[in-house]
Protein chains: 2
Amino acid sequence: MDDFDLGARLRYVRQAAGLSQRELAKRAGMTNAAISVIENNQSSPSVASLKKVLEVIPLSLTEFFALETPAEYKIFFKEEELVPITQGAVHYRQVGDMRYHNLQILHERYTPGADTGRSMLQHESEEGGVVIEGTIELTVGERKTILKAGDAYLFDSRQPHRFRNIGKTDCVIVSACTPPYL
Amino acid sequence: MDDFDLGARLRYVRQAAGLSQRELAKRAGMTNAAISVIENNQSSPSVASLKKVLEVIPLSLTEFFALETPAEYKIFFKEEELVPITQGAVHYRQVGDMRYHNLQILHERYTPGADTGRSMLQHESEEGGVVIEGTIELTVGERKTILKAGDAYLFDSRQPHRFRNIGKTDCVIVSACTPPYL
DNA sequence: GAAAATCGTCAATTTTATTTAACAAGTTAG
DNA sequence: CTAACTTGTTAAATAAAATTGACGATTTTC
């Protein structure tokens, strides 16, 4: 697989410029269909064509190719695109690449008995989440509770904390953390 | 005219890699004819093709487009490519772009009476040249002489100096100066 | 020296990109 | 709610890039 997704880059810069395929094509002296197939990687534009298009944005070929990787400006993620992170019995699925973001979104799954550890977690972040399925025992500082589906939490991660699934079924949580700590 | 000479760039990187058109084409899974027409700007390669070719060099698209301008690595110059510089009755034709070089080569033409000036020239360079045609009176410091076709000179430009055509015909000189001062 | 390779280029064909023209879906105007 | 507009996509036609196969010129080999 080619990691150089020219179509995605073009679509990105076009939308960032606030142009429709037709508008861009018109100004570049081309047709909307060409833009469409290029953006979907159904054809590889000649450098001459690409240059015409980029001049509208405006963006030089150099700048276009030097653009940050697609991961850096990716906004939407298919379920299978989430990056899996496994720590013991806890399975995280992360949204996006944390090298480029300050906000970490995780789709977490705690199997029965899963535990983030006796030695409590502590890091320079703020985090929160919502329980989707099952139950979780959450300890933050001196406070402890059991959250069930629909419940939520939000706290300063500098306080020692611990997640533990003491139920009989998986617990699923969607959480956010800034800055990222995993 | 487009100042982005893709053909020249490709030819440059290919030769720098020590490859013939055929060898490059073979390794890239293309044909020599394609390379030929691309290098002569008779066709604009698709980005896909260009990528295949550059992977052989190897060079990324980003690096390729970020390459220094062709003027920077230009080696051979047609007569009409020399950049004309006129100062009074003296006409210079410079070889290459001094932004990228420390050696300035000039094809100079002094019309009868042409004179670099009573107030002698002085700059932090070393310069020399050969008279091709006509005669020139050259003064350097306290020394003065008349040079005719075939004669030459070389001196430290920090010494005050002056060129003067006291003959009846044009005087043509090819000179060099480092670092450039014009 | 002549034969065999290799070089870059070019004309004709094939393949691919781009245009033309239509479509379905979504939005705005009335 | 319809009618007019915009959106992005697609199929067939056209334009352009890439391949095939050849050429003359230069270099290498014997």
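Lettering of chains follows the sequences in order, A, B, ..., and the numbering in each one begins at 1. Values reported hereafter were calculated over all heavy atoms of this structure, with side chains retained and with hydrogens, waters and symmetry mates removed.
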Next on the checklist: How many whole angstroms separate atom CG of B/L50 from atom P of D/dA17?
Outcome noted: 13 Å
Checklist entry - Which residue, A/D170, A/I173, A/I166, forms the side chain to side chain contact (heavy atoms under 4.5 Å, CB included) with A/Y110? => result A/I173
Next on the checklist: Please determine whether a side-chain nitrogen or oxygen atom of A/S36 lies at a distance below 4.0 Å from atom OP1 or OP2 of D/dT10.
Outcome noted: no
Next on the checklist: Taking 4.0 Å as the cut-off, does a side-chain nitrogen or oxygen of B/Q21 come that near to OP1 or OP2 on C/dT9?
Outcome noted: yes
Checklist entry - Within this structure, what is the CD-to-P distance between B/E39 and D/dA18, rounded to whole angstrom? => result 13 Å
Checklist entry - Does the side chain of A/R11 get closer than 4.0 angstrom to OP1 or OP2 of D/dT9 through an N or O atom? => result yes
Next on the checklist: Classify B/I35 by what it touches in the nucleic acid, base, sugar-phosphate, or nothing, heavy-atom distance under 4.0 Å.
Outcome noted: nothing
Checklist entry - Tell me: NZ of B/K51 to C1' of D/dA17, nearest whole Å? => result 19 Å
Checklist outcome for this item: The nucleotide from C/dT18, D/dA18, C/dC10 with an atom nearest the side chain of B/A33 is C/dC10
Next on the checklist: At less than 4.0 Å, is any side-chain N or O atom of B/S20 found next to OP1 or OP2 of C/dC7? Yes or no.
Outcome noted: yes
Checklist entry - For the pair made of CG in A/L19 and C1' in D/dT7, what is the distance, rounded to whole Å? => result 14 Å
Checklist entry - Base, sugar-phosphate, or nothing for A/T31, non-hydrogen atoms under 4.0 angstrom? => result base
Next on the checklist: From CG of A/N40 over to P of C/dT18, roughly how many Å is that when rounded to an integer?
Outcome noted: 14 Å
Item to check | Heavy-atom pair with the smallest gap, counting every atom of A/C171 and A/T135 | outcome: CB-O, 3.3 Å
Checklist entry - Can you check the A/N41 CG to C/dA17 C1' distance for me, whole Å? => result 14 Å
Next on the checklist: So B/S46, base contact, sugar-phosphate only, or nothing? Heavy-atom distance under 4.0 Å.
Outcome noted: sugar-phosphate
Item to check | Euclidean distance, atom CE of residue A/M30 to atom P of D/dA15 [Å, nearest integer] | outcome: 15 Å
Checklist entry - How long is the span from the CG atom in B/D115 to the CZ atom in B/F163, to the nearest 0.5 Å? => result 11.0 Å
Next on the checklist: Between A/S20 and A/E23, do the side chains contain a donor N or O and an acceptor N or O under 3.5 Å apart?
Outcome noted: no
Checklist entry - When you match A/R22 and A/S44 each to their closest nucleotide on DNA chain C, which lands nearer the 5' end? => result A/S44
Checklist entry - So, does the side chain of A/N32 form a donor-acceptor pair with the base of D/dT7 at under 3.5 Å? => result no
Checklist outcome for this item: Whole-Å distance, A/L24 CG to D/dT6 P, equals 17 Å
Next on the checklist: Does a side-chain N or O of A/S49 approach OP1 or OP2 of C/dA17 to a distance below 4.0 Å, or not?
Outcome noted: no
Checklist entry - To the nearest 0.5 Å, what is the distance between CD1 (B/I35) and CG (B/L24)? => result 4.5 Å
Checklist outcome for this item: Contacts of B/A48 and B/E23 projected onto DNA chain C by closest heavy atom; the upstream (5') one is B/E23
Checklist entry - For the hydrophobic clusters of this structure (ILVMFWY residues joined by side-chain heavy atoms under 4.5 Å, transitively), does one cluster hold both B/I85 and B/V90? => result yes
Item to check | Short side-chain N/O contact from B/Q42 to OP1 or OP2 of C/dC10, under 4.0 Å | outcome: yes
